[in-house]
Number of protein chains: 2
Amino acid sequence: MTSSRDFDNTRAVWYHFSAFYIILKGAVGNLTGTRQRKEMQTSIKKNWLLDKAGMLFWQKGYHATSMKDLANVCNCKPANFYNYFKNKEDILYEVIKNITEQGVSSIRHLDDDEETSPVEQLRSLIKSHFGYLASMKQSSILLSDTGIKYLSREHRKEIIELRDLYDSILRKIIRRGIEDGEFAPTDEQVVSNLIASVVVRSSIWFSNKGRLSVDEVGEIMFNFVYSGIGGE
Amino acid sequence: MTSSRDFDNTRAVWYHFSAFYIILKGAVGNLTGTRQRKEMQTSIKKNWLLDKAGMLFWQKGYHATSMKDLANVCNCKPANFYNYFKNKEDILYEVIKNITEQGVSSIRHLDDDEETSPVEQLRSLIKSHFGYLASMKQSSILLSDTGIKYLSREHRKEIIELRDLYDSILRKIIRRGIEDGEFAPTDEQVVSNLIASVVVRSSIWFSNKGRLSVDEVGEIMFNFVYSGIGGE
DNA sequence: AATAAGTTAATGAACATACATTAACTTATT
DNA sequence: AATAAGTTAATGTATGTTCATTAACTTATT
């Protein structure tokens with residue numbers, strides 16, 4: 001009994017010292033009512049769990065990761081996840097959704113910007129998305145490539161729609177570039193897939209500790225793509 | 001009992017009528033001694049099993065594929081696999097080894113060929129690798145990408161060595177192209193990653209049933225890459 | 001201010017199920 | 001007769017999930 005309680009306290013303290021968690025929790029502050037504050041804390045904890053789950057799913061693969069594995073990494077018991085998520089698939093879904101949404105939002109500002117030239121937009125797209133990917137430590141956007149098949153039909157559909165949003169932004173840039181004569185005319189659909197591949201798969205081979213910096217690689221990547229679609 | 005036996009016979013007949021199997025088995029012919037012939041037939045059946053297993057691993061993922069699933073596709077019982085393979089991991093290993101070896105051997109001739117121009121070599125590499133990937137039905141996920149983490153340490157090492165061979169061939173082509181002045185000088189390491197990304201991820205978005213043929217997409221892909229590294 | 005009612009986050013135990021693998025046995029082939 | 005190919009049945013283990021319960025908090029009522 002006593003040891004169990006002691007352990008709970010230890011655990012609670014541990015949670016609050018987890019860097020990410022404590023910072024966000026602090027940011028919530030005392031501005032809101034206790035009710036809302038609690039809800040926010042819950043969602044923070046939920047995101048923290050998702051973060052951990054994402055790492056594990058990416059490292060070990062979805063099916064190779066058991067609820068027990070998840071629980072171990074999160075310092076709790078498997079059952080506790082069911083206070084936050086409907087089931088295991090739901091965890092994967094939320095992980096993938098977050099990753100994909102962040103990818104989209106890292107380039108969303110380009111969508112309704114008709115002023116900037118397509119070339120500059122392309123540079124911005126590549127650099128901001130690649131930069132974002134390089135900044136995430138463990139989990140990877142490629143999880144949304146590999147994990148999508150384990151999702152339920154509805155969830156899969158939602159993710160695909162999200163991804164289409166990303167694609168449509170990219171395609172629009174290419175279309176404008178071709179119309180303006182800045183890019184050589186090619187199949188905008190295929191080419192946007194090629195470009196996305198280059199960016200997204202960087203998370204497999206790029207390392208922050210490597211020979212080249214994010215900026216240097218980003219520049220090489222942009223030059224490659226830019227020449228690839230017949231610019232310059 | 002009787003019905004079970006009847007079913008077995010049906011199954012046996014079915015095996016021998018499976019197109020791939022019967023052709024190969026016929027090809028073995030009566031030229032060799034009975035002992036060797038039997039061994040060859042065994043290995044043919046084994047490869048046939050590997051082929052089926054590969055498709056399933058590819059579609060569903062390794063851990064999501066049960067021995068029962070495999071047995072269903074191969075019209076036999078799970079236990080029978082243990083007459084051919086040590087365990088499940090062994091099946092995965094052989095599948096991945098085959099895939100990787102085929103991928104590598106389709107481009108190996110480029111390695112010690114100093115005659116053909118780098119441009120043509122690059123075209124050949126891209127088209128044959130992409131063509132190979134496209135020929136796999138049920139386009140889904142990069143098995144050799146995601147599957148290797150489920151292999152034992154030794155098996156994984158072997159596969160990685162094979163893959164390194166692929167990389168080194170690609171890098172060599174790029175290096176020669178830069179030296180010859182056919183390609184613009186860039187970082188050969190990064191660029192080879194970019195190229196491999198483009199080719200490998202095609203298995204996610206390319207469909208044989210789509211608007212464009214393998215050849216058309218292959219051409220667009222090559223042009224993209226070729227311009228990308230500053231050719232033409 | 002004190003107490004009652006309700007909520008959240010966590011737990012351990014129990015669950016049915018599905019899994020890979022094995023051993024013993026039967027049938028088919030040479 | 002010997003070996004190969006296949007089956008049946010059984011086994012131990014691990015899995016995802018549910019359930020009742022508890023402690024700590026928050027909100028509502030008096």
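Naming convention: chains lettered A, B, ... in sequence-line order (proteins, then strands); numbering from 1 in each chain.
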Could you tell me which residues satisfy ring pair (Phe, Tyr, Trp, His ring centres under 6.0 Å) with [X], sequence neighbours excluded, listed by chain and number?
{"X": "B:Phe130", "result": "B:Phe206"}
{"X": "B:Phe222", "result": "B:Tyr226"}
{"X": "A:Tyr62", "result": "A:Phe57, A:Tyr150"}
{"X": "A:Tyr166", "result": "A:His129"}

Rounded distance in Å - [atom1] ([X]) to [atom2] ([N]):
{"X": "A:Asn72", "N": "D:dT15", "atom1": "CG", "atom2": "P", "answer": "11 Å"}
{"X": "B:Trp48", "N": "D:dA5", "atom1": "CH2", "atom2": "P", "answer": "14 Å"}
{"X": "B:Lys77", "N": "C:dC25", "atom1": "NZ", "atom2": "P", "answer": "20 Å"}
{"X": "A:Asn75", "N": "C:dA9", "atom1": "CG", "atom2": "P", "answer": "17 Å"}
{"X": "B:His63", "N": "D:dA14", "atom1": "NE2", "atom2": "P", "answer": "13 Å"}
{"X": "B:Asn80", "N": "C:dA20", "atom1": "CG", "atom2": "P", "answer": "16 Å"}
{"X": "B:Lys68", "N": "C:dA20", "atom1": "NZ", "atom2": "C1'", "answer": "13 Å"}

With sequence neighbours excluded, what pairs up with A:Ile160 under the side-chain contact (heavy atoms from CB on, under 4.5 Å) test?
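With sequence neighbours excluded, A:Ile160 shows a side-chain contact (heavy atoms from CB on, under 4.5 Å) to A:Ile148, A:Arg156, A:Asp164, given in chain and number order.
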
Which residues share a side-chain contact (heavy atoms from CB on, under 4.5 Å) with B:Ala79, sequence neighbours left out
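side-chain contact (heavy atoms from CB on, under 4.5 Å) list for B:Ala79, sorted by chain: empty.
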
Run the salt-bridge test on B:Lys46 and B:Glu94 with the 4.0 Å N-O cut-off and return the result as yes or no.
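Looking at B:Lys46 and B:Glu94, the cut-off is met.
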
Hey, which of these two, A:Asp69 or A:Ala79, hits DNA chain D nearer its 5' end, going by closest nucleotide?
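Nearer the 5' end of the strand: A:Asp69.
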
The side chain of A:Pro78 is closest to which nucleotide in this list: C:dT22, D:dT17, C:dG12?
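Among the listed nucleotides, the one closest to the side chain of A:Pro78 is D:dT17.
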
If you check every side-chain atom of A:Met67, which of D:dG16, C:dA9, D:dT8 has the closest atom?
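Nearest listed nucleotide: D:dG16.
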
What residues form a salt bridge (charged side-chain N to carboxylate O under 4.0 Å, His left out) with A:Arg211, not counting sequence neighbours?
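Listed in chain order: B:Asp187.
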
Intra- and interstrand pairs of DNA chain D - dot-bracket, Watson-Crick/G-U under 3.5 Å, | marks other strand
||||||||||||||||||||||||||||||

Is the distance from OP1 or OP2 of C:dA10 to the nearest side-chain N or O of A:Lys45 less than 4.0 Å?
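Checking C:dA10 against A:Lys45, a side-chain N or O does come within under 4.0 Å of OP1 or OP2.
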
Please give me every residue in residues 82-90 of chain B whose heavy atoms get under 4.0 Å of an atom in DNA chain D, ordered by residue number.
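Heavy-atom cutoff 4.0 Å gives B:Asn83, B:Tyr84.
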
Measure from NZ or CZ of B:Lys149 to the centre of the six-membered ring of A:Trp58 and say whether it is under 6.0 Å with the direction within 45° of the ring axis.
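Satisfied, under 6.0 Å and within 45°.
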
